[in-house]
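Some notes on the structure that comes next.
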Amino acid sequence: MEKILVETSPPLKGKVRISGAKNSALPILAASLLGTEDIILEDVPNLKDIEVMCEVLTSLGAKVEILDKGIIKINSSNINNYVTRYELMSKMRASFLVMGPLLTRIGKTQTSLPGGCAIGTRPIDLHLKGFKALGATINVDHGNISAYADKLVGNKIYLDFPSVGATENIMMAAVLAEGETIIDNAAMEPEIVDLASFLNKLGADIKGAGTSTIKIKGVKELGGGVHSIIPDRIEAGTFMVASAITGGDVVVENVITSHIKPIIAKLKETGCEVIENGDSVRVIGTKDLRATDIKTLPYPGFPTDMQAQFMTLMSLCKGTSVVIETVFENRFMHVDELKRMGADIKIDGRSAIINGVDKLTSAPVKATDLRAGAALVLAGLVAEGVTEIDNIYHIDRGYDGIEEKLSKLGARIYRK
Ligand code: EPU
C-alpha cells in the first residue's frame with residue numbers, strides 16, 4: 001500500500017491555489033440527477049470521492065464526461081435505475097445524497113444503509129424524517145433502505161440538528177415537490193448556498209439558503225446550466241495551518257474569506273499574522289505560537305473539519321489549549337497518532353486538553369479519516385525525522401494534489 005513520507009521541512013513560502021470544494025461538488029453532482037438537459041460543472045476537484053460520485057451517477061443511467069481538468073459534463077435525461085449498489089455506498093457515505101434527487105425525479109430510490117464510520121455512527125434519521133414529511137414511504141430491510149412516493153408534496157420540516165446532508169437531501173427532494181417546503185433549523189454552510197444557487201440556475205425556486213430557514217417552491221422540472229464550484233474552505237484552512245506551523249509565509253489563493261472567518265480568528269489568537277486581500281489570504285507564522293481554545297459548531301462556528309489540523313498546531317503552542325468537539329461524537333481518532341509523535345493530549349469525553357510541547361518527533365502513523373490524515377501531514381512537516389503515513393487513501397478522498405501543492409511551497413513530502 002502506498003504511503004506518504006514527510007521530512008522536517010523549512011518554513012513554507014509561496015502561493016497555493018485552492019481547488020473547488022469537495023463538500024459542494026458532491027451534493028451538486030448528486031443534484032445533477034434532477035436536470036433534464038446538459039449540465040457543466042467547473043472547478044470540480046480531482047478526488048477519489050468525486051470519482052465515486054461520478055460512478056454512482058453513471059450506474060443510475062446518467063452520462064458523465066470529463067471535458068477538461070476540473071470540468072465535468074453530466075446529462076441525466078435517461079435515468080434508468082434507482083438502486084445505488086452496496087459497493088458504492090460503502091465506499092462513500094455521501095452516495096446517500098442521490099436519494100433525495102431520485103425520489104423526487106422518478107418516485108423511488110433504494111440503497112444500503114450507511115454503516116458507522118471512523119468519526120461516529122452518523123445516523124440518517126433527519127434525512128428520512130424530511131422524506132416522510134414530503135409524503136414518501138420508507139422501508140428498511142436486509143440492510144437496505146428504500147423510499148418511494150407517487151408524488152411528493154411540500155411541507156414544513158424542522159431539523160432537530162442543522163445537519164448538512166439532511167438539509168441538502170431534503171432541499172433536493174423538495175425542488176420538484178408540489179407546493180412549498182420550508183426547512184427550519186436548516187444548516188447554513190456555504191456548501192448549502194452553493195447547492196441552492198446551482199439548483200436555481202437549473203430552474204428551481206429556493207430562497208433563504210445560508211439562513212436557518214429555507215423556502216423551496218416546487219417546480220415541474222429542471223433543465224441544464226453551467227456552474228462553478230466554490231473554493232474549498234477546509235483545504236484553504238489546512239494550507240493556512242501549514243504556513244502557521246512551519247513559521248512560513250504563504251499566500252492562499254482562491255478563497256472566499258467570509259467562509260473562513262473562524263480559521264482566521266483562531267490563527268490570529270495563536271500569534272500568526274493573517275492578511276486578507278480580496279480572494280486570497282496571507283498567513284505569516286511565528287516561532288512563538290500561543291495556546292488557544294476551539295469549540296466546533298455548525299457554520300458559522302468553527303468547522304469540525306478543521307479540528308484535527310488545529311490540534312496538530314495546538315500541540316506546539318505554548319500553554320494549554322482545549323478543543324471541544326460538538327458536531328461528531330467520536331472525532332478524536334487522530335489523538336493517539338499525534339501522541340505517538342510526542343504530542344501531550346488528554347481526552348475527556350468530547351473535550352481534548354492539549355499541553356503544548358517543544359517538538360514533535362516522527363513515527364509510523366495511520367490516517368484514520370480524511371482530516372486526521374491532513375493533521376498528520378502537518379505534524380510531519382515539523383516533526384524531527386521522517387514521518388511515514390499509512391492509509392493515505394483517506395487523504396486522496398479529499399485533498400486534490402496535496403503533495404504537489406505542499407512541495408511547491410518547499411515541503412519535503414513524497415509518496416512511495
Ligand atoms: N446527524 C444525525 N442525523 C442525521 C444526520 C446527521 O444525527 O440524519 C448528526 C451526525 O451524526 C453528526 C451531525 O449530525 O453528529 C452532523 O452531521 P451532518 O449531517 O451535518 O454531516 P454530513 O452531512 O454527514 C457533512 C460533510 C462532513 C462534515 C459535516 C459537518 C459532506 C459530504 N460531508 O457531513 O465532511 O464534517 O457535514 O460539517 O458534505 C469531511 O469533509 O471530512 C467531512 C466529514
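One-based numbering, in listed order, for ligands and for the atoms of each. The structure displayed is predicted, hence computed values, not measured ones.
The one candidate from Gln110, Met89, Met99 that meets the side-chain contact (heavy atoms from CB on, under 4.5 Å) condition with Ile145 is Met99. Considering Thr111, Leu103, Val56 in turn, Val56 is the only one that fulfils the side-chain contact (heavy atoms from CB on, under 4.5 Å) rule with Val98.
Heavy-atom separations between Pro123 and ligand 1 include at least one value shorter than 4.0 Å. Within the structure, ligand 1 lacks His394 among the residues with a heavy atom less than 4.0 angstrom away.
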_CA sep, side-chain torsions, deciding dist, call: Arg93, Asp49, salt bridge (charged side-chain N to carboxylate O under 4.0 Å, His left out)_ = CA-CA 10 Å; Arg93 205 188 123 84; Asp49 272 10; over 6 Å; no

*asked:* Is there a side-chain hydrogen bond (donor to acceptor under 3.5 Å, both in side chains) between Asn355 and Thr320? Walk through the geometry before answering.
replied: CA-CA 4 Å; Asn355 290 310; Thr320 301; 2.7 Å; yes

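For Glu168, no heavy-atom contact with ligand 1 is shorter than 4.0 Å. Contacts with ligand 1 closer than 4.0 Å are made by side-chain heavy atoms of Leu370 only, the backbone lying farther away. When non-hydrogen atoms are compared, ligand 1 lies under 4.0 Å from neither the backbone nor the side chain of Arg397. Only the side chain of Thr304 comes within 4.0 Å of ligand 1, counting heavy atoms alone; its backbone N, CA, C and O stay farther away. With a 4.0 Å heavy-atom cut-off, ligand 1 is reached by no atom of Ile234. Contacts between Ser163 and ligand 1 below 4.0 angstrom, taking non-hydrogen atoms only, involve backbone and side chain alike.
Considering both main-chain and side-chain atoms, Asn23 comes within under 3.5 Å of ligand 1 through a nitrogen or oxygen pair. Of the polar atoms of Pro162, none of the N or O atoms is found under 3.5 Å from an N or O of ligand 1, judged by distance alone.
A salt bridge links Asp205 with Lys207: at least one charged nitrogen is closer than 4.0 Å to a carboxylate oxygen.
Of all atoms in ligand 1, numbered sequentially from 1 with element shown, those under 4.0 Å from a heavy atom of Gly165 are 19 (O), 23 (O). Ligand 1 places these atoms under 4.0 Å from at least one heavy atom of Asp305: 27 (C), 28 (C), 35 (O), 36 (O), 40 (C), 41 (O), 42 (O), 43 (C), 44 (C). Within ligand 1, the atoms closer than 4.0 Å to a non-hydrogen atom of Lys22 are 40 (C), 41 (O), numbered from 1 in the order shown. Those atoms of ligand 1 that come under 4.0 Å of a heavy atom in Val327, given as number and element, are 12 (C), 13 (C), 15 (O), 16 (C). Every atom of ligand 1 with a heavy atom of Ile124 under 4.0 Å away is listed here by number and element: 4 (C), 8 (O).
Atoms CD1 and CD, on Ile216 and Glu180 in that order, are 8.5 Å from each other to the nearest 0.5 Å. If you take NZ on Lys63 and OG on Ser32, they are separated by 15.0 Å, rounding to the nearest 0.5 Å.
Considering every non-hydrogen atom in both Ala383 and Thr8, the closest pair reads O-OG1, 2.8 Å. Taking both residues in full, the closest heavy atoms of Ile229 and Asp194 are given as CA-OD2, 3.8 Å, listed atom of the first, atom of the second, then distance.
Nearest-heavy-atom check against atom 44 (C) of ligand 1 across Met92, Arg331, Arg93 picks out Arg331.
Figure legend: cation-pi geometry between Lys108 and Tyr148 absent, as NZ or CZ is not positioned both under 6.0 Å from the six-membered ring centre and within 45° of its axis.
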